[in-house]
Amino acid sequence: MKQSASLPRTILAPVLLGVLAVALWQLAVVALEIKPFVLPSPVSIATEFSSSVSSVWTSSLVTGANALIGLLIGAIVGIVAAIIATVLPITDELSAPLVAAASVIPIVALAPVLYTMFGADKETARQLVAALAVFIPVYLNTLRGLRQARPVHRDLMRAYGASSWQATRAVTLPGAVPFLFIGLRIASSLAVISALIGEYFGGPIGGLGKSITSAAASSNYSLAYAYVLGAIILGLVFYVVTLGLEKIVSPHRAPSTGP
Amino acid sequence: MSTEPTESGQPVAQGQPVASARPPAVSVAGVSKVFASRKGTDVTALEAVDLTIAPGEFVSLIGPSGCGKSTLLRLIADLDTPTSGSIEVFGKTAREARIDQAYGIAFQQAGLLPWRTVRANIELPLELHKVGKAARAARSSELLALVGLSDFADKYPDQLSGGMQQRVAIARSLAESPGLLLMDEPFGALDEMTRERMQTELVRICAETGAAVVFVTHSIPEAVFLSNRVVVMSPRPGRIRDIIAVDLGRAEGRDEGLREADSFFEAVVSVRESLHGEAAGAPAARGVDIR
Ligand SMILES: Nc1ncnc2c1ncn2[C@@H]1O[C@H](COP(=O)(O)OP(=O)(O)OP(=O)(O)O)[C@@H](O)[C@H]1O
Ligand SMILES: [Mg+2]
């Protein structure tokens with residue numbers, strides 16, 4: 001009951017607010033005669049978006065592919081590293097300072113160096129930037145999840161005389177899944193952001209980031225904003241797909257309290 | 001099955017001789033447990049505990065909070081090791097018994113795996129011990145019927161009430177038809193009505209399976225209703241103060257009517273006196289429900 005009653009509210013309220021904001025924006029641009037290079041009106045962005053939807057689409061595919069490859073590599077390496085760090089705590093101790101450092105460095109700052117390492121005509125640098133950005137939250141959250149095993153479950157496994165591999169498979173790994181997804185949700189947005197920002201530092205053209213800069217450079221501000229809109233949609237798609245995957249893979253979270 | 005409770009305070013079998021062919025279900029001899037703490041203030045949880053439990057016998061542990069009931073149960077289950085003394089389960093060391101799956105265990109928390117269905121939770125121990133799929137399914141169906149949850153086989157723990165989760169945990173502890181059940185306040189989180197129903201069910205299940213039970217509880221009536229003997233423990237350091245034989249007849253004959261019987265009240269009174277008794281006025285019975 002509570003959920004169905006609040007559903008219109010949770011969906012309607014933000015939509016209404018959004019519509020209102022866009023309307024105000026349009027009104028402000030028209031009434032105050034704001035120049036397009038300062039802020040184009042929503043109508044002109046929408047028109048530009050629909051007329052150049054195919055080029056926004058192809059740019060999104062380039063950036064999206066980089067983000068996806070980075071997300072997959074970063075997530076797999078993060079999960080494996082977390083498992084290794086759980087099995088061999090020494091590796092965790094050795095790598096802890098490195099991980100701490102990596103989590104405070106803006107990873108995209110590495111992009112120029114990576115372009116010279118892997119060649120400015122390849123997408124590799126962007127994918128690596130995304131992978132590095134993804135690695136940190138996936139690794140840290142998975143590690144936390146793997147260490148989260150409840151004492152009662154540990155006792156149970158011991159009472160059953162389960163081998164450590166059996167206990168890992170029956171309790172530790174499935175118990176870490178919700179934590180893994182917390183990391184993945186953060187990582188999915190980070191992957192898109194990093195892949196896109198990585199384009200600002202060089203590399204081949206074709207992605208959303210390059211398209212935004214070149215549209216802005218040629219004073220086509222509405223087109224630049226159309227690409228920005230494409231980037232927002234791409235980020236949302238990554239987030240929502242991850243969320244959907246979570247609902248499919250682990251629909252029954254651990255009850256936080258109670259017996 | 002003949003389980004004659006012996007006189008109070010008198011272990012059934014002092015060593016081997018009395019126990020003819022069958023070794024006792026549990027035999028605890030001179031067991032102490034000291035928890036060392038970093039600050040050097042060691043906690044003596046148990047001191048010189050002797051207890052022998054016959055096969056098929058139902059024994060409750062009762063005593064003030066922190067007196068070492070859970071500790072004793074964990075020692076029998078080999079989830080912890082005693083500082084001194086020895087523990088045998090069906091003639092084997094506690095460790096051997098654990099590895100041979102001689103006991104089933106249920107904790108105060110149901111401790112179900114939230115990502116497994118009710119049926120898969122019950123099958124967990126069978127799965128770990130390589131029981132075939134068909135045999136697993138047959139056994140879990142049987143147990144689901146036993147605890148009255150057949151309709152919930154494919155639900156997940158978060159779709160069940162606390163009492164239902166606890167029943168699943170009990171079904172799981174029975175999965176391998178153990179000769180010994182270890183239960184640490186399994187009904188602690190339940191409301192009074194569910195609790196009484198579960199008690200009646202447990203008495204029935206034990207009668208059917210012939211399992212010996214070590215049952216930790218805070219409730220005197222619960223201990224009396226369920227048990228052949230009630231072990232009363234003293235506050236820290238935990239010792240056995242008294243063992244009170246409750247003669248309420250065969251397990252099969254226990255039903256709701258018993259709760260109103262005079263013999264029931266007499267047993268409740270004697271357990272209560274033992275709990276409060278010697279250390280009259282002292283905070284001995286703190287944490288014990290006198291319901
Ligand atoms: N792992 C542990 N480390 C240190 N001290 C412990 C540990 N487990 C138990 N103790 C101590 O041992 C004593 C007995 O604890 P135990 O849990 O057995 O009591 P209990 O009788 O089960 O109490 P309750 O009725 O509240 O569950 C307590 O004083 C407790 O602080
Ligand atoms: Mg306890």
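Below, chain A is the first sequence line, B the second, and so on; all start at residue 1.
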### Query
Which of residues 156-169 of chain A have a heavy atom under 4.5 Å from any heavy atom of chain B?
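Contacts with chain B: A/Leu156, A/Met157, A/Arg158, A/Ala159, A/Tyr160, A/Gly161, A/Ala162, A/Gln166.
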### Per-residue contacts, residues 58-71 of chain A versus chain B, heavy atoms under 4.5 Å
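At a heavy-atom separation under 4.5 Å, chain B is reached by no residue of residues 58-71 of chain A.
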### Query
Side chain, backbone, both or neither: which part of A/Val177 has an atom under 4.5 Å from a heavy atom of chain B?
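Neither; nothing under 4.5 Å.
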### Task
Find the one option among B/Leu124, B/Asp100, B/Ile99 whose heavy-atom pairs under 4.5 Å with chain A are most numerous.
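The option with the most such pairs is B/Leu124.
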### Task
Name the option with the most non-hydrogen atom pairs under 4.5 Å to chain A; the candidates are B/Arg116, B/Arg95, B/Arg172.
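When all of B/Arg116, B/Arg95, B/Arg172 are compared, B/Arg172 has the most.
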### Query
Are there more than 12 heavy atoms of other residues, nucleotides or ligands under 6.0 Å from atom CZ of B/Phe152?
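Atom CZ in B/Phe152 is not crowded, with 12 or fewer foreign heavy atoms closer than 6.0 Å.
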### Message
So for atom CG, which belongs to A/Leu16, do other residues, nucleotides or ligands contribute more than 12 heavy atoms lying within a distance under 6.0 Å?
### Response
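Count over threshold, so yes.
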### Message
On a heavy-atom basis, which atom in B/Phe107 and which in A/Asp155 lie closest, and how many Å separate them?
### Response
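Closest approach of B/Phe107 to A/Asp155, heavy atoms only: CZ-CB, 3.8 Å.
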### Query
Within residues 71-85 of chain B, which positions have a heavy-atom distance to chain A below 4.5 Å?
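Near chain A, by residue number: B/Arg74, B/Asp78, B/Leu79.
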### Message
My understanding is that only residues two or more places apart in sequence, or in another chain, count here; which of them pass salt bridge (charged side-chain N to carboxylate O under 4.0 Å, His left out) with B/Glu142?
### Response
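Per chain and number, B/Glu142 pairs via salt bridge (charged side-chain N to carboxylate O under 4.0 Å, His left out) with B/Arg139.
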